[in-house]
Asker: 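Before anything else, here's the structure in question.
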Amino acid sequence: MARTPFPPLLPGSTIGMLGSGQLGRMFAFAAHRLGYHVHTFSPDADSPMGQVSDARYIHPYSDLDAVRKFARTVDVITYEFENVSAEALAAAGEVVPVRPSVNILRTTQHRLLEKSFLADKGFPVAPFLAIRNEADLKRAVAELGTPAVLKSARSGYDGKGQWRVESAVEAHAAFHEAKTDELIYETFVDFAMELSVVLCRDSHGNCADWGAIENVHTNHILDISISPARVPSEAAAAAVELAKQIAQQLDLVGTMCVELFLTRDGKLLVNELAPRPHNSGHLTIEASVTSQYEQQLRAICGLPLGSTRMLGAAAMVNLMGELWSEGEPDWAGVCARPELKLHLYGKKEARPGRKMGHLAAVDSDIESAIKMVMDARSALARVTEPRP
Ligand code: AMP
């Protein structure tokens with residue numbers, strides 16, 4: 001059941017964002033293009049979104065009075081990563097509408113709640129068990145076996161708080177390293193491919209998606225996204241259908257990503273939900289009539305969804321902090337490639353594992369789009385001048 005539609009917030013309105021990373025930055029670009037204002041709230045003084053926002057509120061999420069004050073300056077509030085505090089979002093919701101809802105954030109920011117929601121509603125997931133103590137772990141290893149993945153229930157993203165375990169001994173070692181009593185133990189999936197479906201749902205229940213996207217992870221962090229995913233059309237359609245049903249069950253208003261595994265025998269398993277624009281959807285900026293960011297804006301403002309028609313095949317590679325290890329990457333070289341789109345997030349410090357930017361390319365041929373971004377990234381690592 002879709003919620004009651006609300007009167008649209010038109011250009012000139014102000015959007016409040018909890019979080020201030022690169023997803024917020026790209027959202028701000030889309031919102032500004034349509035004539036909206038953006039205010040951001042996060043603890044970070046110099047942030048990718050803060051640099052391009054009309055106003056910045058720099059406070060910890062635990063400062064609920066500051067959150068309420070921030071909320072009074074905007075017309076609607078959204079968020080750009082799911083580890084913002086649900087309490088902060090609820091406090092904001094006392095003042096202005098919050099979309100997607102606080103309940104969706106609560107469910108998706110806690111792996112156990114998320115997996116239980118999916119399993120209870122009949123969506124396919126890898127077998128998992130909740131772990132609160134050593135006895136739970138012992139039972140899980142006996143029941144589900146190894147290899148498996150032990151994941152902390154909270155604050156997990158980009159492989160943080162996650163251990164692949166091959167034996168009972170490794171499982172117990174990981175449990176002690178985790179230092180939390182809220183975990184899940186999940187069967188290791190020997191997948192053929194990882195997929196994501198990014199979609200957006202409005203308050204009338206209309207959904208628009210960008211099809212199935214193929215993702216390659218390195219060290220648990222997204223490395224490459226390819227659209228459309230190189231899978232049989234039935235698998236792509238089934239992934240989209242699953243994502244739509246999940247969005248409907250959540251009564252989502254906004255953009256969401258559903259991450260899935262495609263197993264070697266052709267089954268789909270849902271791995272994770274993110275109720276916000278997603279790294280794998282960056283390529284929608286160049287490859288679609290409407291990007292995931294503009295669509296997020298449209299949905300939370302009550303505007304009709306835009307067309308998600310794709311303008312070609314697309315590939316995106318992340319630029320991680322490692323690229324800076326030998327000095328400043330060769331920007332002149334990448335800018336000399338006319339088909340490539342460079343995005344840099346304005347982060348001052350390039351640390352290993354930190355997402356600093358990305359490259360995207362659109363082409364009529366998918367393999368050539370992939371080759372363009374891969375070649376360009378390799379060339380970027382050629383150092384022009386050493387770092388002091
Ligand atoms: P997550 O934080 O759950 O999205 O996990 C990050 C990445 O770790 C995924 O995209 C997969 O590459 C890998 N991963 C997570 N869970 C599993 C699993 N049960 N089996 C195999 N690989 C996994």
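Whatever order the structure lists ligands and atoms in, that order sets their numbers, starting from 1. We number each residue from 1, following the sequence as shown. Source: prediction; values computed, not measured.
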Asker: Does ligand 1 have an atom under 4.0 Å from some heavy atom of N215?
Answerer: no
Asker: Is the closest heavy atom of R111 to ligand 1 under 4.0 Å?
Answerer: yes
Asker: Can you confirm whether or not the ring centre of F70 sits under 6.0 Å from the ring centre of H39?
Answerer: no
Asker: Tell me whether the count of non-hydrogen atoms from other residues, nucleotides or ligands lying under 6.0 Å of NZ in K138 goes above 12.
Answerer: no
Asker: Without hydrogens or angle criteria, can the side chains of H172 and E177 be said to hold a donor-acceptor pair below 3.5 Å?
Answerer: no
Asker: Taking both backbone and side-chain atoms of A126, is any N or O found less than 3.5 Å from an N or O belonging to ligand 1?
Answerer: no
Asker: Scan for ring pair (Phe, Tyr, Trp, His ring centres under 6.0 Å) pairs involving residues 223-277, sequence neighbours excluded, and state none if there are none.
Answerer: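 Ring pair (Phe, Tyr, Trp, His ring centres under 6.0 Å) check on residues 223-277 returns F191-F261.
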Asker: For ligand 1, which atoms sit closer than 4.0 Å to a heavy atom of F191?
Answerer: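 Listed by number with element: 21 (C), 22 (N).
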Asker: Please say whether the positively charged group of R298, taken as NZ for Lys or CZ for Arg, lies over the ring of Y293, i.e. under 6.0 angstrom from the six-membered ring centre and within 45 degrees of the axis.
Answerer: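 Because its charged atom misses either the 6.0 Å distance or the 45° angle limit, R298 does not stack over Y293.
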Asker: Between the side chains of Q109 and N83, is a donor N or O closer than 3.5 angstrom to an acceptor N or O?
Answerer: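 No, because no side-chain N or O of Q109 sits under 3.5 Å from a partner of the opposite role on N83.
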Asker: For V149, counting its heavy atoms only, list the atoms of ligand 1 lying under 4.0 Å from any of them.
Answerer: 17 (C), 18 (C), 19 (N)
Asker: As a check for students: among D190, L150, V189, identify the option with a heavy atom nearest to atom 20 (N) of ligand 1.
Answerer: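 Among D190, L150, V189, the closest heavy atom to atom 20 (N) of ligand 1 belongs to V189.
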Asker: Any atoms of ligand 1 less than 4.0 Å from a non-hydrogen atom of K151? List them with their elements.
Answerer: 3 (O), 15 (C), 16 (N)
Asker: Quick one: which ligand 1 atoms are inside 4.0 Å of a heavy atom on E259?
Answerer: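 Atoms satisfying the 4.0 Å criterion: 4 (O).
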Asker: Does any donor atom in the side chain of H282 or N318 lie under 3.5 Å from an acceptor atom in the other side chain?
Answerer: no
Asker: With heavy atoms of E194 as the reference, note each atom of ligand 1 found under 4.0 Å away.
Answerer: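 Numbered from 1, ligand 1 contributes 9 (C), 10 (O), 11 (C), 12 (O).
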Asker: Can you tell which of H110, E186, E272 makes a side chain to side chain donor-acceptor pair (under 3.5 Å) with K115?
Answerer: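 By the side chain to side chain donor-acceptor pair (under 3.5 Å) criterion, K115 pairs with just one of H110, E186, E272: E186.
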Asker: Of the backbone atoms (N, CA, C, O) and the side-chain heavy atoms from C-beta on, which set of L222 has a member under 4.0 Å from an atom of ligand 1: side chain, backbone, both, or neither?
Answerer: neither
Asker: May I ask you to list the atoms of ligand 1 that are less than 4.0 angstrom from any heavy atom of E186?
Answerer: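 By the 4.0 Å cutoff, the relevant atoms are 16 (N), 17 (C), 18 (C), 19 (N).
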